[in-house]
Protein chains: 2
Amino acid sequence: MKNGETAVSKATVSRMPAYLRYLKGEAGKGVEYVSSAAIAKDLGLSAVGVRKDLALVSSRPGKPRFGFEIKLLIEDIEKFLGYHRWTNAVIVGAGGLGRAILAYEGFENYGIHVIAAFDASPAKVGAVGGKPVYPMEQLPEIARRNHIRVAILTVPRSAAQEACDEIVAAGIGAIMNFAPVHLHVPEGVAVKYEDLAVSLAELCGECAGNQI
Amino acid sequence: MKNGETAVSKATVSRMPAYLRYLKGEAGKGVEYVSSAAIAKDLGLSAVGVRKDLALVSSRPGKPRFGFEIKLLIEDIEKFLGYHRWTNAVIVGAGGLGRAILAYEGFENYGIHVIAAFDASPAKVGAVGGKPVYPMEQLPEIARRNHIRVAILTVPRSAAQEACDEIVAAGIGAIMNFAPVHLHVPEGVAVKYEDLAVSLAELCGECAGNQI
DNA sequence: GCACAATCGATAAATTTTTATCGATTCTTA
DNA sequence: TAAGAATCGATAAAAATTTATCGATTGTGC
């Protein structure tokens, strides 16, 4: 209800990746149409909710008796999520996790180019999986030249805030933070916390319910 | 409102890790008390919401004029999130990401022991960062003997469902899935999707707003 | 010792999100 | 070609969540 553009709730957005994963799986099996009830059942949601979500992003309504056309729906969701707008990203911190992410090739499917990593330690400079690892000092220059908009922060917790400041100083406006630390950033910079341990702990909670 | 135990909303639970990160940061700076208004400002929430959240988990009410005692609050939140119940976990898939997570030491702070990794390829068997990598066949036996409750799945997408089935067959009831695939699991098994690419794409969306 | 300022907790209002109900559409099949 | 079944979309109701308001509490400083 902000001004007149979005009107799509945050909760709906957060379910889109799940739809996308599911639909791609079905498409891979050769299925062409899927009903809201089937999606709801497999994803553990309500059919009405699924219909409402899909109505918001689908360019064509579902067909009665068939359901939604999977191929079309995948395109619509990808478009909605912005996977067609290419974005350049870098990794800051070329330790184990940083190198693993640098070598990961799945980002290309989501409109993201991870072009390089940076590390303060000269020993880490070089290349991983065909992608370069630069010394930290070169971040501002390379970031600006390549229009980097996102940084993936994989340094140890003690180095996180300092690295964060350098990222902000380099003009990068979004940070995906793997360090388990709260980052102080100026207004306008987005931070997403990806604390693996917290995620895992959440899952444990779910799994154990609240029983011993 | 389920029966009479929880009464804590999902939204509240999801904010707890953010509080925890923030409070630990302040504690590290030597601060002893913090007001709901300060937390709200730094975390981009409303002060009333913060008070409501904290009232649900805090063992002692906040002091007027001072705020909440940080040390106590950290304990309460950790207790609430179950970081005191130790849980054993394993990694399935000892590729780059799996090895990076295996070497990561941050889990111990959250009540999680990652005791080993498993891989279908004999070439990967051995040890990483002092922790063993076993062949996949040994998963059922080791899982049962060590009361493993959580598996971290880091295999390539094409192997994900099969590995998932083996995990379930080994009696593990919770899976943290890094493969960008929808997993089919029997009722009662919890799956948490940690799709790095999706997370990153979400962040890009936030960063770009909805402008080009 | 007393007025003041800061903060909390509780109740109430507003908003958002989820769930339910129902008529309309479209394909299948006899 | 007409009846029937499955599914959709829209509207309405219910539930949950967020935000606002207000009196109560507790130190501080004069």
Side-chain angles (χ1 to χ4, degrees), chain A residues 1-19 22-23 26 31-74 76-77 80 202, chain B residues 1-19 22-23 26 31-74 76-77 80 202:
Chain A
M1 206 235 243
K2 265 189 192 141
N3 39 45
E5 43 178 32
T6 347
V8 177
S9 84
K10 225 170 181 177
T12 293
V13 174
S14 75
R15 282 189 294 267
M16 286 298 157
Y19 292 136
Y22 177 78
L23 292 169
E26 295 301 297
V31 184
E32 287 189 39
Y33 286 87
V34 66
S35 72
S36 59
I39 298 175
K41 180 172 164 290
D42 282 343
L43 261 50
L45 303 169
S46 91
V48 177
V50 172
R51 279 206 294 281
K52 250 193 125 197
D53 284 344
L54 297 185
L56 290 171
V57 302
S58 174
S59 59
R60 223 174 306 166
K63 285 189 195 176
R65 187 86 185 178
F66 278 75
F68 294 85
E69 187 184 338
I70 291 182
K71 209 175 130 200
L72 188 62
L73 209 45
I74 290 175
D76 286 335
I77 294 177
F80 170 78
E202 277 173 23
Chain B
M1 206 234 246
K2 266 192 188 136
N3 39 46
E5 44 178 36
T6 346
V8 178
S9 84
K10 227 171 180 174
T12 292
V13 175
S14 75
R15 279 188 295 267
M16 286 299 155
Y19 293 135
Y22 177 77
L23 293 170
E26 295 302 298
V31 183
E32 287 189 40
Y33 287 86
V34 66
S35 72
S36 58
I39 299 175
K41 180 172 164 293
D42 282 343
L43 261 49
L45 303 169
S46 91
V48 178
V50 172
R51 279 205 294 280
K52 249 191 125 197
D53 285 344
L54 296 185
L56 291 170
V57 303
S58 174
S59 59
R60 222 174 308 165
K63 284 190 197 174
R65 188 90 187 176
F66 278 76
F68 294 86
E69 189 185 336
I70 291 183
K71 209 175 130 199
L72 187 64
L73 209 45
I74 289 175
D76 286 335
I77 294 177
F80 171 78
E202 278 173 22

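Chain letters run A, B, ... following the sequence lines, proteins first and then strands; every chain starts at 1. This structure is a prediction, so every number in the text was calculated from the model and none was measured. Side chains are part of it too, since the values below use all heavy atoms of this structure and drop only hydrogens, waters and symmetry mates.
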Only one of B:Ile77, B:Leu72, B:Val31 forms a side-chain contact (heavy atoms from CB on, under 4.5 Å) with B:Leu23, so which one is it? B:Ile77

Taking distance alone, no hydrogens or angles, what donor-acceptor pairs closer than 3.5 Å link side-chain atoms of residues 35-45 of chain B to residues at least two apart or in another chain?
{"unit_1": "B:Ser35", "atom_1": "OG", "unit_2": "B:Ala38", "atom_2": "N", "d": "3.1"}
{"unit_1": "B:Ser36", "atom_1": "OG", "unit_2": "B:Arg51", "atom_2": "NH1", "d": "3.1"}
{"unit_1": "B:Asp42", "atom_1": "OD2", "unit_2": "B:Tyr22", "atom_2": "OH", "d": "2.7"}

Rounded to whole Å, please give me the gap between CD in A:Glu69 and C1' in C:dT26. 16 Å

Grab the CG-P distance between A:Asp53 and C:dT19 for me, whole Å please. 11 Å

Report the residues that fulfil side chain to side chain donor-acceptor pair (under 3.5 Å) with A:Ser9, sequence neighbours left out, ordered by chain and then residue number. A:Thr12

Length of the line joining A:Leu56:CG and C:dT17:C1', which is rounded to integer Å: 12 Å

Nearest whole Å is fine: how far is C:dA10 P from B:Leu54 CG? 13 Å

For nucleotides 23-30 of chain D, give me one character per nucleotide, 5' to 3': B if any protein heavy atom sits under 4.0 Å from the base, S if the only such contacts are to the sugar-phosphate, - if neither. --BSBS--

Which is it for A:Leu73 and A:Tyr19 under the side chain to side chain contact (heavy atoms under 4.5 Å, CB included) test, yes or no, and what are the steps along the way? CA-CA 9 Å; A:Leu73 209 45; A:Tyr19 292 136; over 6 Å; no

To the nearest Å, how far apart are A:Glu32 CD and C:dC27 P? 15 Å

Protein-nucleotide distance (B:Phe68, atom CZ; C:dA6, atom P), rounded to Å: 18 Å

For B:Ser14 and B:Pro17, which heavy atoms make the closest approach, and how far apart are they? O-CD, 3.5 Å

Does a side-chain N or O from A:Ser36 land closer than 4.0 Å to OP1 or OP2 of D:dC8, or not? yes

Could you pull out all donor-acceptor pairs under 3.5 Å where a side-chain atom in residues 56-66 of chain A meets a protein atom, sequence neighbours excluded?
{"unit_1": "A:Ser58", "atom_1": "OG", "unit_2": "A:Arg60", "atom_2": "N", "d": "3.3"}
{"unit_1": "A:Ser58", "atom_1": "OG", "unit_2": "A:Arg60", "atom_2": "O", "d": "2.4"}
{"unit_1": "A:Ser59", "atom_1": "OG", "unit_2": "A:Asp76", "atom_2": "OD1", "d": "3.1"}
{"unit_1": "A:Ser59", "atom_1": "OG", "unit_2": "A:Asp76", "atom_2": "OD2", "d": "2.9"}
{"unit_1": "A:Lys63", "atom_1": "NZ", "unit_2": "A:Tyr33", "atom_2": "OH", "d": "3.2"}

Categorize B:Ala55 for me: base, sugar-phosphate, or nothing, with a 4.0 angstrom heavy-atom threshold over every strand shown. nothing

So, with a heavy-atom separation below 4.0 Å from DNA chain C, the residues of residues 42-52 of chain A are A:Ser46, A:Val48, A:Lys52

How close or far is atom P of C:dT15 from atom NZ of A:Lys10, stated in whole angstroms? 19 Å

Do the side-chain N or O atoms of B:Arg60 get closer than 4.0 angstrom to the phosphate oxygens (OP1, OP2) of C:dG9? no

Could you work out, with salt bridge (Lys or Arg N to Asp or Glu O under 4.0 Å) as the rule, every residue matching A:Glu69, not counting sequence neighbours? none

Let's go through B:Met16 and B:Asp53 carefully: what are the C-alpha distance in whole Å and the side-chain angles of both, what is the deciding distance for side chain to side chain contact (heavy atoms under 4.5 Å, CB included) to 0.1 Å, and is it a yes or a no? CA-CA 8 Å; B:Met16 286 299 155; B:Asp53 285 344; 4.2 Å; yes

